[in-house]
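Read the structure below first, then the notes.
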Amino acid sequence: MRSIQMVDTKTQYLHIKTEVDAAIQEVLDSAAYINGKWVKEFAAELGTYMGGVHTIPCANGTDALQIAMMALGLEPGDEVITPSFTYIATTEVVALLRLRPVFVEVDPRTFCMDPEALRKAITPRTKAIVPVHLYGHAAPMDAILQIAREHGLYVIEDNAQAIGCDYTSSDGNVYKTGTLGTIGTTSFYPSKNLGAFGDGGAIFTRDAELAHQLNMIANHGQQKRYYHERVGCNSRLDSIQAAILRIKLRHLDAYNKSRQQVADYYNRAFAGNPHIQTPVVAPYSSHVFHQYTLIINDANRDDLAKYLSENQIPSMIYYPVPGHRQPMFAGNSDNLPDMPITDWLTERVISLPVHTEMEEEQLEWITRHVNNFLS
Ligand SMILES: *Cc1c(COP(=O)(O)O)cnc(C)c1O
């Protein structure tokens, strides 16, 4: 059996090596390392894939969130509601822009923002909501968008973990996550479902004027070179990454499908185990399984991780410290917001290896050991 890894970008690369190497060589031959034609081509193709939305490439998923918040003209002190149970990038940029992150609970079944908690967190200072499509499952966008409409709030979808996920709206139409809110963002960090061979990110919107502003902000606030209309930043996707991503985009649906097959295998193997709660897929969402995350109900999750590790099975805790407890936000305060669901999940989640190159033998080994420990 090949050694088991959380992600296996190397083997994935070997399957498309000829195409990728040729694309990289083409960029090298052109020497157009920045702003080469591949960047525009990739942005256009990704925009089409996402259902025909404006697509602004940028340097990474964290910048994408920052640029999105900059484009909305938020003022220092404005409140931005985000889940505590997410990767730090979502909330870090809120604080970086001198906005106030307001943490809310997630639904423990889907790990995504709880609309009732969102409703309760709204104040006169609230300006934006940042739902996260965590682990590759969509947040309940109908409810979130409804609340946003009622209160006149912006919605920025953090779609870094869910590129390719389908959301079935209450209007019966199917949309890609990241295209439902005011702005959507994503990341092409190598281990993401659409991963570059370095850093990258993108921003989505249906609003042409916002797209124009987002483009300017990502490019030093300029439209015309050396004429800077507003304060921006320098956030570019480089040509080599764009050329690679163009190729990988053509495989994205197949990649997501193979992740779903891994999840199906796990689900079947754990179905009868009373100690394990397998991922729930809500009727409105597909699931692209950026992570396959279990909740361990009544056993010691850390002991399980240790046992798996002793048997050459990697696992990860996403994330060991929730946002509201990070020193970055909490300092030494004893006066933390009360987030029992987030704290409960933080102590019980464990993510198993899921990627496009997993073999049945590996899955059999992993599930046998998990079930063995939790029997
Ligand atoms: C990966 C990730 C980001 C940040 O993306 P980078 O490209 O690493 O900056 C933001 N939000 C979530 C939920 C992520 O998983």
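Bear in mind that the values here come from a model prediction, so they are computed numbers and not experimental data. Indexing begins at 1, ligand by ligand and atom by atom, following the structure's order.
- For atom 15 (O) of ligand 1, the nearest protein heavy atom (residue, atom name, distance) is Gln161 NE2, 2.8 Å.
- With respect to atom 13 (C) of ligand 1, the closest heavy atom belonging to the protein is Asp158 OD2, 3.4 Å.
- Of the heavy atoms in Asn60, both backbone and side-chain atoms come closer than 4.0 Å to ligand 1.
- Each of the following atoms of ligand 1 lies closer than 4.0 Å to a heavy atom of Ser187: 5 (O), 6 (P), 7 (O).
- Ranking protein heavy atoms by distance to atom 2 (C) of ligand 1, first place goes to Lys192 NZ, 2.6 Å.
- Using modelled atom types, one side-chain atom of His287 and one backbone atom of Phe289 make a donor-acceptor pair closer than 3.5 Å.
- Every N/O-N/O distance between Ala160 and ligand 1 stays at or above 3.5 Å.
- Looking at Asn311, its side chain does come within 3.5 Å of a backbone N or O of Tyr307 through a donor-acceptor pair.
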Next item on the list: With ring-ring contact (aromatic ring centres under 6.0 Å, His included) as the test, would you mind laying out the steps for Phe111 and Tyr135 before giving the verdict?
Entry: CA-CA 8 Å; Phe111 306 105; Tyr135 303 153; 4.9 Å; yes
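- In this structure, a donor-acceptor pair under 3.5 Å is absent between the side chains of Asn297 and His275.
- Summary of contacts: the protein heavy atom closest to atom 4 (C) of ligand 1 is Thr62 OG1, 3.5 Å.
- Exactly one of Glu45, Glu26, Glu19 qualifies for a salt bridge (charged side-chain N to carboxylate O under 4.0 Å, His left out) with Arg246. That residue is Glu45.
- Taking the six-membered ring for Trp, Phe103 and Phe85 have ring centres at least 6.0 Å apart.
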